[in-house]
Structure formats: structure tokens, C-alpha cells
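Have a look at the structure below before the remarks.
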Protein chains: 4
Amino acid sequence: MTGQREVLVAQDVRRSSERAKRLPRAVREKQILDAAVEVFSQHGYHMASMDVISEVAGVSKPMIYSYLGAKEELFGHCIRRESNRLFEAVRDGIRPDVPPDMQLWHGLRSFYGFVAEYRQSWIVLHRHALAAGDPFAKEVTALRTRAIELVRDLVVSAGTQRGLASQAEFSGEGMAAALVGAAESLADWWLDNPHVPEGVLASWLMNLTWLGFNDLVEGSVWRPLE
Amino acid sequence: MTGQREVLVAQDVRRSSERAKRLPRAVREKQILDAAVEVFSQHGYHMASMDVISEVAGVSKPMIYSYLGAKEELFGHCIRRESNRLFEAVRDGIRPDVPPDMQLWHGLRSFYGFVAEYRQSWIVLHRHALAAGDPFAKEVTALRTRAIELVRDLVVSAGTQRGLASQAEFSGEGMAAALVGAAESLADWWLDNPHVPEGVLASWLMNLTWLGFNDLVEGSVWRPLE
Amino acid sequence: MTGQREVLVAQDVRRSSERAKRLPRAVREKQILDAAVEVFSQHGYHMASMDVISEVAGVSKPMIYSYLGAKEELFGHCIRRESNRLFEAVRDGIRPDVPPDMQLWHGLRSFYGFVAEYRQSWIVLHRHALAAGDPFAKEVTALRTRAIELVRDLVVSAGTQRGLASQAEFSGEGMAAALVGAAESLADWWLDNPHVPEGVLASWLMNLTWLGFNDLVEGSVWRPLE
Amino acid sequence: MTGQREVLVAQDVRRSSERAKRLPRAVREKQILDAAVEVFSQHGYHMASMDVISEVAGVSKPMIYSYLGAKEELFGHCIRRESNRLFEAVRDGIRPDVPPDMQLWHGLRSFYGFVAEYRQSWIVLHRHALAAGDPFAKEVTALRTRAIELVRDLVVSAGTQRGLASQAEFSGEGMAAALVGAAESLADWWLDNPHVPEGVLASWLMNLTWLGFNDLVEGSVWRPLE
DNA sequence: GATGAATGAGGGTTCATTCAT
DNA sequence: GATGAATGAACCCTCATTCAT
């Protein structure tokens, strides 16, 4: 949990009732965003109070307002930063020069890697931003859309390569949405069942969505070959 | 949306600032719960105000407190009622005397049928209760667990019948969680893409999780046979 | 605690969700007043709720309003009933044909006897009515005034019999007030120190106010002779 | 009533719905406590509303909560401040190098001096805190206990000096409690009979409890000699 | 740049009280 | 006579936000 450690460091630097040292704006903004993500992830949007955020950030409330705007705007900043982090982590984890199933495999591993490293970011995005209503839910929906497109292109290209006839039962987008949703929900489930190592999660998903229950019960198993 | 219609009727009956007619307690409780679900689904737990709920219910605030308790408790009542409704709808939709894939198929259809009919209930359960923190998230998690168990038993029994060796890549619970999550997320996606008919959603999921992408790109398709 | 027992009896008579039997008005009023005194003594005027009183009385709220009026009026009824009870107990305990000190002695014993038997009444009068503000404090002040007059007449007549010159240092009323106050406060102290037998309290007061510390430290002691 | 005058000044300085000038926290806390004591003394704990207190203090409600806590805590602060004021006033008024009766005399004079100067404080302590129930009543009881101990030590030491045999009729603590109670009640009586000068009250008590009615009717009188 | 001081506004909750049956 | 059903009104409290230093 890198975010949390950095916040604590920021706090430690500062002795109580000591005026905060002048710091470059970028540093202050990072402190504040880190603190905000931490607090939002713990309490959700509505129960997170600006007072607490400012305490955790080691910065006075007026600074938050002056640097990052009101609560809504601050929350938006958090969501955007973490959205991008997450998307980039997944996108950069995919290697374009391997078969589609391996691409999917790498994408999933990167995703669960991110969730493990930035647990709080994931909680904010998945648990709280969606519930916080429209300005924010849209942001997360957009992220999800980007992910869905990534997967859709992958599957569709694999399909068209092999002449998959478009059928009512098949919809690149719909099924990509289903896969992305499954990945998200499994991440959620992981929060409450952390004993499972991260590679296994990706493996389950590959077996389920690449092979399907049918092949599985026949004894087939998907494994990454490289 | 049966609930909403009835609530509006209740409102229409009553002219503003007129004393509500005396009705038996059970009727009032239903009115209140219906109104609460409606308002919670629209605004979420924190932004829903007891004032608005009481107005929508056509009842004064003290009645709510007297019949269903404070806000937290009221929300709990909503969640429990809708949880049970949903679970029973799915469970009753499953016919036990058909092959596993058909059971899954019926379960999914019932699920999306419920989401279509009780849109607000679904929103409260999926979007808001999970974000509202621990007393409530647990309730929904419990619901999800019940669903996962249902699916797990289905798949595992199918697998063991055919001698599926337990492997690291396979976990009845984990994969059932993934499927349930996929179904949930697809329902969520459906809220923003309502043009897709409900049967198609179930079809996608069956194809994805029963056959897998691999079979799909080979041209295989799953269809319900009865 | 006679009052409490009677209330419990009244409650026991009534099975839940059974309509209260028709009873003569006087009986109902007694039930209500007993319950009110009990609840007021426990919670004070403001924290006592009409709901609780009606439950303890085994009677619905509208009955209370119809028989004994609103909360203020109800409290007034309580205070008046208990005031009179107390005053009559003390007055009737005094035997007019004995010397002044013995009259005082009997009065004090009657007073502490009452406090022991009607603990709740005393608490309502002394602890709560005085704090409840003017309509009620006056009532208790009036009671106190009657007590002071009783004592004053006693002492003054004793004094004038023996030619006590009126002096600045002496005021029948003031000193009677002091004695009455001492008696009250000792009763209050008794509530928290119930191990002392009631006769001893009266004895302390007699020794203190009849003989004074001065005589006491000289070894004199007052004892009732009859 | 120093407190009240200052509060009014604070109010006058501020025109309605104008932002209060920035003042150091300690000053505001004093203003708030003064106002709270004033309002509590007039209306009692339950009928005093935070709105009124904030108006009288010339400060908005959130400041009260931020500086002195919620209503209960605020009341506690008032009681503690006034308790200490009162106890210190009495203790500091006693001169340790004079005979016991003179010490008592000075203590009583200080007490009535305090009641005269801080009428509201006395009312809060004696009339309202005791009735407000357990967190607060305990505080006042503790104050009373400290006073009783003061008096007990005085009398007992005087008694043992002259060989007072411990007897059933004599209890240092009990009689001290009676004297303290008498003093309190006389202060209470004084509130409704303010024409009596303060020295006279102390004089009555000295004559009553030092000499006793018996000596008094014989014509003896106690007077301070110095 | 940085902050302690200050507040408007609004929400949850609970009574005492009364109607209609 | 007796009561469940119903509500107006008020109170405590908190929070996001801004001003003045």
C-alpha cells in the first residue's frame, strides 16, 4: 500500500502545532490526493469529512480548497488519477506480440497486480465512485468502457481471424462486458478472501471465460504457454 | 415498477397538509418501504432524506420512525425485503429436473427478469447497499454468497459426475463467484444499455461461461434445448 | 414502596393486546397518578415521556389526557397529591400536648417515616419539582412554607414563654427555614446513605439544632423523654 | 453578576447576522460558558436550547460544539467551573488560625458572599444540576462532600479537643451533612427572600447550629468576636 | 503561502398532543 | 369508555465552506 505509507511519512515530517513548511505546489497536491484516496476508500464519499482528509494530509482545509477545489472536485481528481493509473497499468501489461489468450492473460495479471498494490484506489473506484452518483459514476463507467473495448477488440479480432460468423448469441461488446464484470467482481470477492494468490484469480478467469464450464468439466484446462 | 405506481396512488389520495386516513399498520409499512426503496435507489443512502421518503410515502416522518425505526434500520428493512425477493425469484425460477446448463440458464433468466421488473430494488442492492458500509454490505454479501453456493453446487456436481479432477486451476467457489459477478456486472451494464432484450443477456453469459471464448471463436454456440 | 407495588399489580391484571377493562374513573386516576409518580421520580419531569407513563399505568395515552390533562397538569396533580400526603403525615405525627422539643422530635420522625415509605414521592417533590420551574417550584415552596410555619410557631412559642427578646440574631422564620432545610438535605443525603436507621437521623437533627455544636462538644446530649 | 454584564457587551458589539470578529479561543470559551450558565440557570438543563445559548453568547452554534462539545458536555463544563469557583471561594474565606466557631463563621460568610455574587452559578449547581441526573448530580454531590468534610473536620477536632465521647447521637459526618444542608437550603430560601442581608443568614446558622434552640430560648446568643 | 476562526444550512430524531374509530 | 393511528414542531448536531489574519 504505497499510498498509505507516503501519507504517513508526510504526517511524520510535521510536528504538531508547527507551521507547515512551504512546499512546492505539486508536492502538496500529491499529499492531499493521497490522503483523500485513503480517507475516501475507508469511509466512502459521503462519510469522508474534509476535516479528516486535511488532518491525514497534514494540511489545513483552506489549502485543499485552494489547490484542488471543493469536495466534489477533489473526489473527481482522485477518481481520475486512479482511473488512469489503473488503465495504464493494465494496458502496459499487455504484450501485443502474443496470441489473444496470452494477451488476455497478461491483462488480467496486471489488473490483479494493480488491485493488490493499490487496494485503496481500487476500493474507491469500484465501491464508492459508482455509488456516488452521476458525475463520478460516469467516470468509472468510462474506465470500464475502455477496458471493455480492449477486451472486445482482442476477442473479435481472434474470432474474425478464424471466421466467426456474427450471431445473435454473440456480441463482442456484451461478452467483453461480461468478462470485465467478472474480473471486477472477482477482485471485489478477493478483498474479502485475500488468501488466494493473485495469479490464481487470473487463472480461474481464463479457464472460465476461455474454455467455459463445458470444457472444464470435460477435463480440459487452460494454462499459459510461453 | 409496481411499487412506484402504488406509491403514487397513495400520494394522490392525500391532498397536501391533510391528515392521512387511518389505515392498518401493515399497509402503511408497505407504503413506507416502497417509498424508501424508490428514494434510496434514486439518491443513495446518504443523500436520501427522511423528509423526502415521508413525502413520497404520503406519511409523516414520525410514523416511519414508529413503524420501521431510524434511517439505518429502515434501510436495513429495505435491503432485507429486496434481498429475499431477489433470491426467491431466482431460486424459484430454477427447475431441478433438468441438466445443469439448463438450470443455470433458467436461473439467469429469472435473475434478469427480476432486475427488469424491480429495477429500483436491484439498484439499491447492487449500487448503494454495498457502498453504504458494513451493516449493509454484509447483508448483500450474504445474498451473493447464497447465489454463489447455488452455482457452485451446480457446476461441481456436473463436474464430479464426469470425474473432474480437482486442480489448482479450478475452484468451484472461485469460478462460481466469477460467474455470479459477471451476471451482476452485466445487469449493471444493462442499466445503461437497456435496448438489449433480457433473454440475450442470459444467452451471452451461457455462451461465455459454458462454452468459453475458445469454443465461441471456433463457431460453437450454446442454445437452450427443451 | 407501596406505590410501585400497586402499579405492578395494575399491570399484571392486564394481558397484552387485551382491551383494558372498564373501571370507575377514580380507580383509573389512581393508577395513572401512581404510574406518573413512579416515572417522574425515576426520570425527572422532562425526561419522563407520556408514552412510558401510559405503559406503566396500563392505560392508553388519550385516557391520561382526558382524565388528568396534559403533562404539566399531570405533574401538578402528582405534586399536589404527594405534598398533601407529606404534610398530613408530619402534622398528624405531632402530638400537641407535649413540650416543644418533643413535638419537634415527633415531627421529624414522621417526616423520615414518610420519606422511607414514599421514597418516590419524596424524590419527585425534592429533586424534580423544584427544578421544573415556576408552576411547580411554587407548589413545593408552599409546602416548605407550611412546614416552616409549623416549626416557627413551635420555637417562637417556646421562646416567648420564657421571655426571649427578639434580636437581630434571632428570627423565628429564618431559623425555622434553616432547620427545615437541614431536615430536607439530610433526607436527601439519606437517599445515598440508606444504612442509617431513620430514628438516628431525627436524633442528629435534634442534637444539632436543639443543643447546638457548643453543647455537644461539652458532652451534652439530647434524648427523647416520655 | 459579572458574567451577565460581559455577555451583554459581547452581544452589543455584534450586530445581528454580522460575522463575529476573530477572537482567541480562550476568550470565546469564556463567553460561551458565561452565556451557558446564564441560560441554564434561567431555564434548567432540558429547557435551555443550544440556539438560545449561542445567541446569548454572540457566537454561532458550531463554535460551541467545536470548543466545548455537545450539550451534555457543555453543561458539565459549566458545573465544574462553578463548583470549583464556589469551593475555592469558601475555602479561601476560612482563616485557619482562629477558633472553630470563627472558622465556621467565615466559611458561611464566604458561602453567602458567593451566592450573592454568583447567583446564577448557585442556581445552576443547586437547582438544576442535582435534578439533571447522574453524570451531573454526582459532580454536585462531590462538591457537597468536600464541604461536608471541611465542616466535619472542624467540629470533630473541636470536639475531640474537649474530649467529646463518641456516641450514637453524634456523628461528625451526619451532623456536618445537616449543617451543610441547612446552609444550602437557607441559600435557596434566600433566593425568594432577598431582603435579608447576607451576614444575617450566617448569623442565624451559627446561632442555630452552634448554640441550638435550647440556648437560644434561654437568651444566649452567639456573636463573632475578633 | 498558510491557517485558526467562524458560520449557513440542513438532516435525523423525538416529543406532546389529537383525531377517528 | 378506550385506543391505535397520525402529526406539527422543535431540538441537537454536523458538515462543507469561507473569511481575516
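Each chain gets a letter, A, B and so on, in the order its sequence line appears, and its residues count up from 1. Note: hydrogens, waters and symmetry copies are ignored here, and every other heavy atom, side chains too, is used.
- If you take CD1 of A/Ile64 and C1' of E/dG1, they are 15 Å apart, rounded to a whole angstrom.
- Across all strands shown, D/Met50 has heavy atoms under 4.0 Å from sugar-phosphate atoms exclusively, and none from any base.
- Mapped onto DNA chain F by nearest heavy atom, B/Leu23 and D/Glu72 fall at different nucleotides, with B/Leu23 at the one closer to the 5' end.
- Contact check of residues 132-139 of chain B against DNA chain E (heavy atom, cut-off under 4.0 Å) returns no residues at all.
- Residue-level contact check: B/Arg25 touches the backbone only, with heavy atoms under 4.0 Å from sugar-phosphate atoms and none from bases.
- Between the CD atom of C/Glu29 and the P atom of F/dA2 there is a distance of 12 Å, given to the nearest Å.
- B/Asp51 places its CG atom 15 Å from the P atom of F/dA10, with the value rounded to the nearest Å.
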Under the rule of Watson-Crick or G-U wobble with both distances under 3.5 Å, where | means paired to another strand and [ ] a crossing pair, DNA chain E maps to .||||||||||||||||||||
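- Side-chain N/O atoms of B/Arg28 include one lying less than 4.0 angstrom from OP1 or OP2 on F/dA6.
- For B/Ile32 and F/dA5, the CD1 to P distance is 12 Å, given to the nearest whole Å.
- Contact check for A/Val124 versus A/Phe75: side-chain heavy atoms found under the 4.5 Å cut-off.
- The separation between D/Ile53 atom CD1 and F/dC11 atom C1' is 12 Å, rounded to whole Å.
- In this structure, CZ on A/Arg80 lies 5.0 Å from CD on A/Glu139, to the nearest 0.5 angstrom.
- Put simply, the side chain of B/Val37 reaches to within 4.5 Å of the side chain of B/Arg81, judged on heavy atoms.
- More than 12 non-hydrogen atoms from other residues, nucleotides or ligands lie less than 6.0 angstrom from CE of D/Met50.
- Remark: P of F/dC19 and CE of A/Met63 are 17 Å apart, rounded to the nearest angstrom.
- Side-chain contact between D/Asp34 and D/Val56: absent, with no pair of heavy atoms (C-beta onward) separated by less than 4.5 Å.
- If you check E/dT18, F/dA2, F/dT17 against the side chain of A/Ala70, the one that comes closest is F/dT17.
- Relative to the side chain of D/Tyr67, the nucleotides E/dT13, E/dA6, F/dT7 differ in distance, and E/dA6 lies closest.
- A heavy-atom distance below 4.5 Å is found between the side chains of B/Glu72 and B/Tyr45.
- Considering only heavy atoms from C-beta on, B/Phe40 comes within 4.5 Å of B/Ile53 through its side chain.
- A sub-4.0 Å separation between OP1 or OP2 of F/dT14 and a side-chain N or O of D/Tyr65 is absent.
- Summarising the geometry, the separation between CE on A/Met47 and P on F/dA16 is reported as 10 Å, rounded to the nearest angstrom.
- Take the nearest nucleotide of DNA chain E for B/Lys71 and for C/Ser49: the residue whose nucleotide is more 5' is B/Lys71.
- Proximity of a side-chain donor or acceptor of B/Lys71 to a complementary backbone N or O of B/Tyr65 within less than 3.5 Å is not detected.
- Judged by closest nucleotide on DNA chain E, D/Lys61 is the one of C/Lys61 and D/Lys61 placed further toward the 5' end.
- Residue B/Arg22 places a side-chain atom within donor-acceptor reach of the base of E/dA20, judged by atom type and a 3.5 Å distance cut-off alone.
- A distance of 12.5 Å separates NZ in A/Lys30 from CG in A/Leu23, rounded to the nearest 0.5 Å.
- With rounding to the nearest 0.5 Å, the separation of CD1 in C/Ile64 from CD in C/Glu73 is 12.5 Å.
- Atom CD in A/Glu73 sits roughly 14 Å away from atom C1' in F/dA16 (whole-Å rounding).
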